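Here the structure comes first, spelled out in structure tokens, and everything after it is commentary.
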Amino acid sequence: MAGGRPIRALNVAEKPSVAKAVSGILSKSPSSGGLRVRDGRSRYNKIFEFNYTIQNQHFHMSFTSVTGHLMELEFEERYRKWHSCDPVQLYQAAVKKYVPEDKLDIKRTLEEEARKCQWLILWLDCDREGENIAFEVVEVCTQANRNLNIWRARFSALIDREIHYSMQHLVRPNQLFADAVDVRQEIDLRIGASFTRFQTMLLRDAFNLDFNTDDKNIILSYGPCQFPTLGFVVERFWEIQSHEPEEFWTINCTHNSEEGIATFSWTRGHLFDYTCAAIIYEMCVQEPTATVTRVRQQEKLKYPPHPLSTIELEKRASRYFRMSSEHTMKVAEDLYQAGFISYPRTETDSFSERTNLHMMVQEQQGHPVWGSYAQRLLDPEARLWRNPSGGGHDDKAHPPIHPTKFSAGEAGWSQDHHKLYELVVRHFLACVSQPAVGAETTVDIDIAGELFSASGRMIIAKNYLDIYRFESWGGSMIPTYNFGQQFTPATLTLDSGVTRPPPPLSEADLLSCMDKAGIGTDATMHDHIKKLLDRFYATKDSNTRFSPTKLGEALVMGYDDMGYELWKPYLRAMMESDMKAVSMGTKSKTEVLETCLQQMKACFVDAKSNKEKLFEAMAVFFERSNRSSTNEQNTVAEVVRRCNICQESEMVLRRKPDGNFMVGCTGFPHCKNVVWLPGSVSEAVVTTNVCSSCAPGPIYQIQFKFRRLEIPPNYNVDHLGCIGGCDDILRQLVEICGTGSRNSSSVQGRGSGHTPSSNSAQRSNSRGQNACANCRQTGHSSDLCPSRVSRGRNVRSQEADAQEGESSIPCSSCGAPCVLRTANTANNRGRKFYSCRPECNFFVWEDNINEGGRVTRGNISRTTSNPSRSGGRGRGGRSGRQSNDVAFVSATGEPISGRCFVCGDPSHFANVCPNRGR
DNA sequence: GCAAGGTC
């Protein structure tokens, strides 16, 4: 029997929609007294009121909501200004949680309601973030009312039975889950703020970042999610750049029958070894009769997609409509707010058994385009229905994205609203449909012991493909073949191709990479991608493919040169695993925080001391700026010599904002002559001493003081040096210590032949000349450098090509000169060969030429023909020694009489050549 | 002015 005075309970959900939905469910019973709604202080977060009974105890329920996190973590005031402290202090600086301005209304509502209540029931989402928000709510509410009895409702779906069950089985909130989020927040803040301040203040004003923006104060941010996201983009970019095209060979065969043409492909796929491919090809050509060894018929099914999660929605909208993930989420949010689709931020890709899928399909029956399909789905005789298969993910908070309200299009919708709603509906209808059915026929043939196969497909039932217009499954015809049947191919060609680099990452690829590596959450991934664009770290082309900008590549290159993998997803993965440990109670919050921050601080200190790597990497892509710090402006520059390049201005000693010294021309930017000095210089003063050996003079000597710990013990801390080129000590110290900046013209000045030692410096150029970072020639940038095709992360040695093109022999085929070149394929890298004009196609390995310059081994012509272009040629070969009528086919499709590629003899092929192997 | 995570 219910008894006692009703208890007043404050219920809080993570978002207004959940407060409304749960209140709606709980107030359905007649004893609830109906659902009342009143305004809170925040216009978005209403307060619902109703009566409810928990285990015979009457309650008066107030149900309101927050909007995600109520609090933010921030440094204490004295650390907030960027110049208030050394960024390294941010690893210990005091932090505090506070309610930001725009959440104060919600806070006041909670305080006011909490004062009136005895219980607090937390309905936050059932994940770690939700648990953390629960404790934020607890903090605010208990400050207003210390006597609250605090409970947590655990629910995984907004379904009547589940919600009532949750209310009847309240538990206590889980501090460990909330702790895990506290750890993440603090690490993210300290790492993000320290690295962002460090790299922004270090690099922004030191280089001319030529972005097309009015905002001069761009931020070079670092974050544990945004940087690995950039890392994926840069890594693919480098992969593309370092790709070395490799030639491969394949044998293709076609056959014409009365029913049509069949194209057979080689079971071996392709071979990179030309000799092997050619030998096999010759064997086939000599005995070209094909025998059918197997005819196989199989039923194939193409399954509909799993129910729609956020990431899949973003990926598919990008693929099908080229919508950015960020825009997709904006449009999805609109549709959700207006009640047309379910909550769009979900990891779940399977429907709960309790979901009434039929009812959702029924709603769509009236649609002018897909209504008839929905009707067919519901007709048992059509046998189109199939219970959806799940993808194995469940966030226990939200169902897969599905339509919640019928619409044939609303007046206020943009094209993108229409498209996205259509995608959600069609995807949902596809999920509950039968898979497409096809009949596949595969025919295997044997030619001279080599296997080839061809296949065809007939679509028997399209099923879900009828509604899911975004996917297709092509049908293709194949003539009828019988086991044992023999025929002569219409064409049999040895075709070449080259390997191609992968394409730049598409938005869908990027989302997959992030998902796989655990970078971001379903609700934030699109933000990280957008951040790359906003920060000028990457660009996206019209095909939704991402490439790094110079800035993005330079930053990643800088950290990579330091030996850090800060741009890889490992840090986040480690944090994720630590967070899991905290939430399971196997590690404490303090322990994880201390360890992680200690490691990151050490890394930060190290990165700071290696900042020249960032400078060098930036210098590969950007011109140094003449924007100088206040200190530098106040320094009276001391003249060292008259500029030996422009002959007009003075070269003066300067100290850069990063603390390093240089001698630069005052004619900058017109003249970009500069001499970089060792990074270990702590003091430098121009003296009145004139160097007696360097010309043209006078060149004033500089009194240097080096930092003891940064130079080898056998060097003096004090040194009177010259920048004219005579000073070996200065040159050695640049070699040893670097310059703390790029240094292709260090110490001896431009053109002195000095080779810089550091990795990035090798890619760097002379100051401001916009010379190629790769070959140091002007006239093109490094990304267009003809010698950079294979740069990747290591500049390919050009030395092997030194004699390339300088030597020639007469072509033994056409008489034209063949030029010496160097092979760059995997099997023959570095091997020299002579090749003739492209139209001749002749080439010979250099080591196949005897001392008299005579070609000892020739080469059959390579075919690069498209099989269809050579159709009909070479038909009718007979097995025998020589079969000129089954010919090799040239690039232009012309038959070439067969001859042995080993000795060039036209009377036999290489597989039987008596000279082979000698 | 900085992160990432909620959400409006």
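Just so it is clear, the structure is predicted and the values come from calculations on it, not from any experiment. Side chains are part of it too, since the values below use all heavy atoms of this structure and drop only hydrogens, waters and symmetry mates.
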Under 4.0 Å between any heavy atoms, over every strand shown, what does [X] touch: base, sugar-phosphate, or nothing? Just pick one.
X	result
Q185(A)	base
D102(A)	nothing
S42(A)	nothing
G520(A)	sugar-phosphate
P87(A)	nothing
L73(A)	base
R128(A)	nothing
R184(A)	base

Between [X] ([atom1]) and [N] ([atom2]), how many Å, whole number?
X	N	atom1	atom2	result
E14(A)	dG5(B)	CD	C1'	10 Å
R190(A)	dA3(B)	CZ	P	16 Å
R80(A)	dA3(B)	CZ	P	15 Å
I106(A)	dG6(B)	CD1	C1'	11 Å
F604(A)	dA3(B)	CZ	P	15 Å
I519(A)	dA4(B)	CD1	P	10 Å
F198(A)	dA3(B)	CZ	P	16 Å
R204(A)	dC2(B)	CZ	P	11 Å

Among [options], which nucleotide has an atom closest to any side-chain atom of [X]?
X	options	result
F75(A)	dC2(B), dG5(B), dG1(B)	dC2(B)
A523(A)	dG1(B), dT7(B), dG5(B)	dT7(B)
I219(A)	dG1(B), dG5(B), dA3(B)	dG1(B)
C225(A)	dC2(B), dG5(B), dG6(B)	dG5(B)
S221(A)	dG1(B), dA3(B), dT7(B)	dA3(B)

Aromatic plane relationship, F604(A) with F198(A) - under 30° parallel, 30 to 60° tilted, over 60° perpendicular: perpendicular
Over 12 foreign heavy atoms within 6.0 Å of CZ, R78(A): no
In this structure, is the centre-to-centre distance between the rings of [Y] and [X] below 6.0 Å?
X	Y	value
F48(A)	F63(A)	no
Y222(A)	F227(A)	yes
F232(A)	W567(A)	no

Quiz item: E74(A) side-chain donor-acceptor pair to dC2(B) base, under 3.5 Å: yes
cation_pi(R36(A), F50(A)) dist<6.0 Å, angle<=45: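 Judged by the rule, R36(A) and F50(A) form no cation-pi pair.
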R38(A)/E113(A) ion pair, N-O < 4.0 Å: yes
Cationic N near anionic O, under 4.0 Å, K531(A) to E326(A): no
Can you see if the side chain of [X] gets near the phosphate of [N] - specifically, an N or O under 4.0 Å from OP1 or OP2?
X	N	value
R572(A)	dG5(B)	yes
T524(A)	dG5(B)	yes
T521(A)	dG6(B)	yes

Comparing E72(A) and S194(A) on DNA chain B - which has the more 5′ nearest nucleotide: S194(A)
Centroid distance under 5.5 Å and plane angle under 30°, Y222(A) vs dA3(B):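 No, Y222(A) does not stack on the base of dA3(B), since the centre distance and plane angle fail the 5.5 Å and 30° test.
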DNA chain B contacts made by residues 526-537 of chain A, counting heavy atoms under 4.0 Å: H528(A), K531(A), R535(A)
Residues from residues 340-350 of chain A lying under 4.0 Å of DNA chain B - heavy atoms: Y343(A), R345(A)
Contact check, side chains of H427(A) and P307(A), non-hydrogen atoms, under 4.5 Å: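 The answer is no, as the side chains (C-beta and beyond) never meet within the 4.5 Å cut-off.
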For E72(A), salt bridge (Lys or Arg N to Asp or Glu O under 4.0 Å) partners two or more places apart: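 Result, salt bridge (Lys or Arg N to Asp or Glu O under 4.0 Å) vs E72(A): none returned.
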Test item: S342(A) side-chain N/O and H402(A) main-chain N/O as donor-acceptor pair under 3.5 Å: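 The answer is yes, because a donor-acceptor pair under 3.5 Å joins these two groups.
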